[in-house]
Amino acid sequence: MMKNTTTTTTTHSLLSFFIFFFSVATISHSFSVSFSNAPLSVNEVRFIQRRQLLEFADRGENVTVDPSLVFENPRLRSAYIALQAWKQAILSDPNNITLNWIGSNVCSYTGVFCSRALDNRRIRTVAGIDLNHGDIAGYLPLELGLLTDLALFHVNSNRFCGTVPRTFNQLKLLFELDLSNNRFAGKFPTVVLQLPSLKFLDLRFNEFEGTVPKELFSKDLDAIFINHNRFRFELPENLGDSPVSVIVIANNHFHGCVPTSLVEMKNLNEIILMNNHLNSCLPADIGRLKNVTVFDVSFNELVGPLPESVGGLVEVEQLNVAHNLLSGKIPASICQLPKLENFTYSYNFFTGEAPVCLRLSEFDDRRNCLPGRPAQRSSRQCSAFLSRPPVDCESFSCGRSVSPSPPIVALPPPPPPSPPLPPQIYSPPPSPPVYSPPPSPPYSPPPPPTVHYSSPPPPQPVHHSSPPPPPSPEYEGPLPPVIGVSYASPPPPPFY
Ligand SMILES: *[C@@H]1O[C@H](CO)[C@@H](O)[C@H](O)[C@H]1NC(C)=O
Ligand SMILES: *[C@@H]1O[C@H](CO)[C@@H](O)[C@H](O)[C@H]1NC(C)=O
Ligand SMILES: *[C@@H]1O[C@H](CO)[C@@H](O)[C@H](O)[C@H]1NC(C)=O
């Protein structure tokens with residue numbers, strides 16, 4: 001009896017806590033809650049349990065195929081098994097997306113797209129799944145590995161949890177995998193490394209943790225989005241081997257060097273490393289990244305100067321080095337870059353900037369040690385920082401074939417107390433308004449469409465996200481899509 005009472009009380013406080021969260025996140029429109037200790041109604045408890053997935057369990061149901069069902073071909077029969085198993089693994093589908101997932105005509109299911117098989121043009125098979133913004137809760141069952149003709153798998157902005165099933169290694173044609181803005185957890189899903197056709201990998205806004213396998217950067221991918229997870233890791237020296245045009249690792253716990261091999265990334269167009277704990281110098285020959293349009297290393301612990309060669313980033317439009325421990329002078333060549341639209345270098349320890357910098361249409365030089373400029377650090381902070389021995393960038397040994405952990409020599413002192421603390425993993429970076437706040441944790445509704453690759457995928461596709469392949473049941477266009485033309489889905493946010 002005693003025991004029961006205690007359990008009830010505990011459960012009740014837990015639920016109250018969740019309710020509090022709901023109210024704060026204003027997610028719950030379906031019923032109103034109060035902060036009082038009034039007991040919850042049965043329906044309220046059920047509602048919370050559904051939202052929180054407290055009832056999550058693999059119910060181990062098995063799909064049995066009704067012998068009276070007729071299928072166009074055996075692969076569609078397999079697809080039926082996969083999709084029915086998935087439907088059983090769905091615990092909440094508030095928009096009724098899977099309501100019509102009934103019967104043998106899987107090509108007519110909402111979110112399921114068929115196309116002629118690549119190896120047999122006479123039959124149709126399931127080539128794409130697109131449940132983006134479905135708000136569906138559930139998990140991915142092993143049976144999804146039966147969808148062996150799948151080229152696109154897009155489930156962004158749902159409430160899928162658990163991990164990526166190992167059977168995904170059977171998806172040899174999978175070209176785009178978008179799991180962003182869900183509740184996947186656990187280690188990096190290494191099964192993605194076994195997908196020979198994969199070009200677009202989007203794991204943003206999940207709860208993945210631990211290290212990132214260095215093989216990821218040797219893989220022939222075009223886009224890597226792993227921002228807003230809990231990865232904790234050093235960027236490996238083979239980063240430079242990666243053929244990606246876009247890489248976003250923002251808002252994780254990366255530390256250590258910016259590898260010098262970074263400058264060898266041969267297709268690099270956009271790189272966003274913001275809000276990690278990278279603590280080396282920038283590679284001196286960074287200007288070799290001739291095609292980079294977006295370069296963002298803000299909110300790290302980078303030291304040393306802004307290399308003169310940054311002035312060689314002839315295509316750069318957005319350049320952000322704010323909130324680091326950089327020092328020295330801002331070279332004029334950078335502020336003269338022909339396409340530079342926004343240059344942010346606030347919250348560092350720069351002591352000089354070329355006059356041309358002050359004529360940029362958008363720049364931010366606050367909280368440095370710039371003589372005669374407004375909103376600078378105090379002279380006490382500046383002199384404390386600048387009296388330290390100069391940073392020896394060589395000492396970090398961020399190059400290839402050198403031990404990854406640099407001897408810590410001439411490291412600058414910890415930042416003086418005034419700069420705002422680097423944001424916590426889920427808090428929006430304090431100052432630059434260009435970055436939209438990440439979705440607030442937990443249980444908040446899918447964040448609104450916003451800007452920048454650090455934000456969650458917005459609905460309207462831009463950049464790599466252009467028009468979802470008109471996957472319609474009749475769609476027979478090229479699948480997988482041609483690289484470099486446009487990605488079908490993940491709505492990587494437009495940016496800025
Ligand atoms: C599903 O059915 C197969 C074949 O009958 C069986 O081997 C498997 O154990 C079943 N799985 C579950 C979870 O019941
Ligand atoms: C989904 O279906 C249920 C039952 O058929 C219905 O009550 C509900 O309004 C539907 N929801 C939407 C968003 O259509
Ligand atoms: C830049 O892009 C052009 C055209 O796509 C390509 O030929 C060239 O190799 C690229 N250069 C670098 C340094 O990335």
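What you are looking at is a predicted structure, and each value in this text was computed from that prediction instead of being measured. Each ligand, and each atom within it, is numbered from 1 in the order the structure gives. Every heavy atom of this structure was used, including side-chain atoms; hydrogens, water molecules and symmetry mates were not.
Between N95 and ligand 2, a contact under 3.5 Å exists for no N or O pair. Considering backbone and side-chain N/O of R288, none are found under 3.5 Å from N/O of ligand 3.
In summary, the atoms of ligand 2 found under 4.0 Å from a heavy atom of P94, numbered by their order in the structure, are 11 (N), 12 (C), 13 (C). Using a 4.0 Å cut-off to heavy atoms of K266, the atoms of ligand 3 that qualify are 12 (C), 14 (O).
Contact check for L152 versus F113: no side-chain heavy atoms found under the 4.5 Å cut-off.
A salt bridge links E315 with K339: at least one charged nitrogen is closer than 4.0 Å to a carboxylate oxygen.
A side-chain hydrogen bond (donor to acceptor under 3.5 Å, both in side chains) with S245 is found for one member of N269, D222, N267 and no other, namely D222.
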Q: Please test F217 against L239 for side chain to side chain contact (heavy atoms under 4.5 Å, CB included), starting from the C-alpha separation and ending with a verdict.
A: CA-CA 5 Å; F217 303 104; L239 175 67; 3.6 Å; yes

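With 2.5 angstrom as the limit on SG-SG distance, C398 and C281 do not come in below it.
Without hydrogens or angle criteria, N279 side chain to L302 main chain gives no donor-acceptor distance under 3.5 Å. No donor-acceptor pair under 3.5 Å is formed between the side chain of R204 and the backbone N or O of N227.
Distance from atom 3 (C) of ligand 2 to its nearest protein heavy atom, with residue and atom name: N96 ND2, 3.7 Å. In terms of protein heavy-atom proximity, atom 2 (O) of ligand 3 is closest to N291 ND2, 2.2 Å.
The protein does not reach atom 5 (O) of ligand 2 closely, with no heavy atom under 4.0 angstrom from it. Inside a 4.0 Å radius of atom 14 (O) of ligand 3 there is at least one protein heavy atom. Distance check on atom 9 (O) of ligand 2: every protein heavy atom falls at or beyond the 4.0 Å cut-off.
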